[in-house]
Q: 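Before anything else, here's the structure in question.
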Amino acid sequence: MTAELVRGQNHPLSQARLEIRVSAGTPIVTAATLGDENGKVHGVEWVAHPGSPVLPGLEVSRQAAADHRLAVDLDAVPDAVHRVNVLLALPAADGGGPVRFGAVAAPFVAVTGLDGAEVVSYTITGLDTEAAVVALELYRRQGAWKVRAVGQGYAGGLAELFTDQALPQARDLADSINDAVARGLARSVPPPPPHTDGDRSRQAAAPALGPDSSGAAPQGAPGPVPPVPPYDPQHGPQSPGQPAPQSPYPGGAGTGDSSAVTPTSAPTAGGPVNYSHPGRQTAAPPPPPPTAPPARPGQPARPVAGDATGWSMDERLYNQVWGMFEDLARTTAAYRSAVDFADSRMEKELDQVLSDPRSRIGGQGDAAREAARARRTQLVAQAKEALDRDLAQLVAESEVVEPALPLAYARWDNPVWQGYRVPMEIPMALRLGDLHLPEAAQIRIPMLVRLPLERGLWIDSGRAGSLDGSFADSHELRRLALDTAVAHAARLLAVYPAGEFTVHVIDPAGSGAQALAPLVQTGVLAAPPALGAAGVADVLARLTQRVDLVQMAVRGGAADSLPPGLDTSEQLLIVNDFPHGFDDRAVNQLRYLADEGPAVGVHLMMVADREESAGYGPLLDPLWRSLLRLTPVPDDHLADPWVGHAWTYEPSLVPPGSQVLQQVLSQVAAARRTWNR
């Protein structure tokens, strides 16, 4: 199982021969330094970089590119080497000054075996003015190797980074690397193949594999990147001191891992991303996708639900949704890029008119200005025509895909819920809401997350959770946040087989009684909501003990030795009204559950306002970074993994007046009682 690291977290390495795969939304430079037992880098001969890419046991890329594969053989590393630091840097801009990571998508780094199986992954979030970053550290500890997520950035680029490592001639080495990159940049990534209307196969590949078998998404050729505002791809604009959380989609959508945008919306040279379920691989070939009905000559093929590849219809629909997500992201990026080009061209032509005294006034100047505006209008109209054509195809596809989605992917208003029966197996993914862009408000892309959950959820009950940040009634927003949490918890209970998912609730002040009523009245909770500081301490103690016991059993290979009566089902803890009723010990236990719980089946769902918890300061930063932030009202805080658009997220809520939630939970409770007998 892949470990998704957060900054400062480490993980053991059981293999000596590894690949370090890097994906970013723009061409970057990779390098590595070797350090002794004290971390000291003794000289330039201890640095692997594009001008000198090979060291014993280590090879880095010779070029700047959006995707990299670094080869590592820890057995071949000299005995004097105890640390290997993996460095990422943005090439110097034309003017010589460094660009910054805050203006591009968060880089994604994965350590894999030679067979491509991921060992750990790390999305480097929270960067702003930095132009270079120490991404990972591989280090010896008591004769074994480990990897640590570092994420230490440097605004001064490689020169500052090398200076911080006390490397002699740091500036000269950084300049030589930039020179080597400038010579090879034109060869970095091949252009994408032309897009065809029939290219809808959307093959599945392993997560975080791009053109160079790395990255969280397919990558494009180096080219004009649409302006990305300096927002955190998950949490939106960051206030001073607010921690930057992790990408919501490790190796997938909304990670903030974007790719360079080309004028076409086609998948690029490396082929599409593999979002296949890691537990669904078999030796048999996948069944062929459904055949689309023949289209009239000159017309695009009529869409069919399940036309992606996969081992089952659920997996094919899952991959098809991700294909639609990518198509919409790229076609919108192409449109925005074309509009930006048209605007810049018009401004350049107008500047030329104004720079010539002979054409500033009079009929000649007016004609030139009118011609510049007309060319801009023509270019935008052409781009809009292409966008409308692609959107029409996506709308048609959405109309056939949405009704065909299985229960776990369906909205609460889908008729499939009316025939609900407790399932016999865990589905591949779960729908947590919808995503859309302003250029295509009519298209809603289901936001699907893999099961079991790889990270906890933070339902933001603060005013920053509304689209304009000015939601008037804070009490209403908190109620909506808890309603959203209940809807997500009910969906999780509904898609798991009987007895395989357990929900606990902490509500210290009892303020969420009304919203929690569907869970309490139907009897699906493991116990009534915990109240007061004593209730908080009791629930947290039991869940942290469960994590400890299961971890020890798994690591010791003695899963059969777990205490009798221990609930081995997946556990979800809903925490409402945080930080009321929590002391420092309880906060540390929450952090522990958020970090260690998902790997052993304990998941956290916080319903909280970040600003109200600011008093804890850095103590809470790791907790917020490890959770996926969602909002109870529409908000544009999530980013796709291809071009980094800010997508408007809308939660999946039960329609007002509908009884579907009570009906579903009643069946879940009945099945749970039968299973417990």
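Here, residue 1 is the first one in the sequence, and each next residue gets the next number. Hydrogens, waters and symmetry mates play no part in the numbers below; they use all other heavy atoms, side chains included.
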Q: List the atom of Ser121, the atom of Phe108, and the distance in Å for their closest heavy-atom pair.
A: CB-CZ, 3.5 Å
Q: Hey, does Val134 have a side-chain heavy atom less than 4.5 Å from the side chain of Gln165?
A: yes
Q: Return yes if some donor-acceptor pair links the side-chain N/O of Arg7 with the main-chain N/O of Thr125 below 3.5 Å, else return no.
A: yes
Q: Quick check against the 3.5 Å criterion: does Glu326 have a side-chain atom that pairs as donor or acceptor with the backbone of Met324?
A: no
Q: Once ring pair (Phe, Tyr, Trp, His ring centres under 6.0 Å) is applied, what residue pairs with a partner in residues 27-56 remain, sequence neighbours excluded?
A: His42-Trp46
Q: For Asp36, which residues count as a salt bridge (charged side-chain N to carboxylate O under 4.0 Å, His left out) partner, sequence neighbours excluded?
A: none
Q: Looking at every heavy atom in both Pro50 and Val181, which two are closest together, and how far apart are they?
A: CG-CG2, 4.0 Å
Q: With sequence neighbours excluded, tell me which residues meet ring-ring contact (aromatic ring centres under 6.0 Å, His included) with Trp145.
A: none
Q: Taking Arg140 for its side chain and Val81 for its backbone only, find out whether a donor-acceptor pair lies under 3.5 Å.
A: yes
Q: Hey, mind stepping through Ile20 and Val109 against side-chain contact (heavy atoms from CB on, under 4.5 Å) and telling me if it holds?
A: CA-CA 7 Å; Ile20 299 175; Val109 186; 3.8 Å; yes
Q: What's the shortest heavy-atom distance between Gly151 and Ile124, and which atoms?
A: CA-CG2, 4.1 Å
Q: Hey, what do you get for CG (Leu70) to CD (Glu19), rounding to the nearest 0.5 Å?
A: 9.0 Å
Q: Does the side-chain contact (heavy atoms from CB on, under 4.5 Å) test come out yes or no for Thr33 and Phe162, once each step is laid out?
A: CA-CA 9 Å; Thr33 60; Phe162 290 144; 4.1 Å; yes
Q: By the definition side-chain hydrogen bond (donor to acceptor under 3.5 Å, both in side chains), identify the one residue from Arg375, Arg373, Arg376 that meets it with Glu349.
A: Arg375
Q: Between the side chains of Glu439 and Arg336, is the shortest nitrogen-to-carboxylate-oxygen separation below 4.0 Å, so that they form an ion pair?
A: yes
Q: Distance check, rounded to the nearest 0.5 Å: Leu628 atom CG versus Leu457 atom CG?
A: 5.5 Å
Q: Work out which heavy atom in Val29 is nearest to a heavy atom in Ala64; give both atom names and the distance.
A: CG2-CB, 4.2 Å
Q: Check the pair Leu630 / Met447 against side-chain contact (heavy atoms from CB on, under 4.5 Å), numbers first and verdict last.
A: CA-CA 11 Å; Leu630 300 177; Met447 178 182 165; 3.8 Å; yes
Q: Only one of Thr129, Thr163, Asp164 clears side-chain hydrogen bond (donor to acceptor under 3.5 Å, both in side chains) with Tyr154; which?
A: Asp164
Q: Just jot down the ring-ring contact (aromatic ring centres under 6.0 Å, His included) partners of Tyr649, sequence neighbours excluded, or say none.
A: His637
Q: How many angstroms lie between atom CD1 of Ile177 and atom CG of Asp172, to the nearest 0.5 angstrom?
A: 11.5 Å
Q: Ile445 versus Trp647: any side-chain heavy-atom pair under 4.5 Å?
A: yes
Q: Does Ala159 have any side chain to side chain contact (heavy atoms under 4.5 Å, CB included) partners at least two apart in sequence or in another chain, and if so, which?
A: Arg171, Ala174
Q: Determine whether His82 and Tyr139 make a side-chain contact, defined as any pair of heavy atoms from C-beta on separated by less than 4.5 Å.
A: no
Q: For Ala333 and His645, which heavy atoms make the closest approach, and how far apart are they?
A: N-NE2, 3.3 Å
Q: Kindly say whether Asp327 contributes a backbone atom to a donor-acceptor pair with the side chain of Thr331 at under 3.5 angstrom?
A: no
Q: Under 3.5 Å, is there a donor-acceptor pair between the side chain of Asp460 and the main chain of Gly462?
A: yes
Q: Determine the sole option in Leu173, Leu158, Leu161 for which the side chain to side chain contact (heavy atoms under 4.5 Å, CB included) test with Leu167 is passed.
A: Leu173
Q: What is the distance from atom CZ of Arg21 to atom NE2 of His68, rounded to the nearest 0.5 Å?
A: 14.0 Å
Q: Of the non-hydrogen atoms in Gly153 and Leu127, which two are nearest, and what is the gap between them?
A: CA-CD2, 4.4 Å
Q: Return the CD to NZ distance between Glu137 and Lys146, rounded to the nearest 0.5 Å.
A: 12.0 Å
Q: Rounded at 0.5 Å granularity, tell me how far CG in Asp340 sits from OH in Tyr335.
A: 10.0 Å
Q: Output, in order, the C-alpha distance, side-chain angles, deciding distance and verdict of side-chain contact (heavy atoms from CB on, under 4.5 Å) for Leu18 and Leu13.
A: CA-CA 9 Å; Leu18 303 164; Leu13 295 174; 3.9 Å; yes
Q: List in chain and number order the residues that pass side chain to side chain donor-acceptor pair (under 3.5 Å) with Asp73, two or more places apart in sequence or in another chain; answer none if no residue qualifies.
A: none
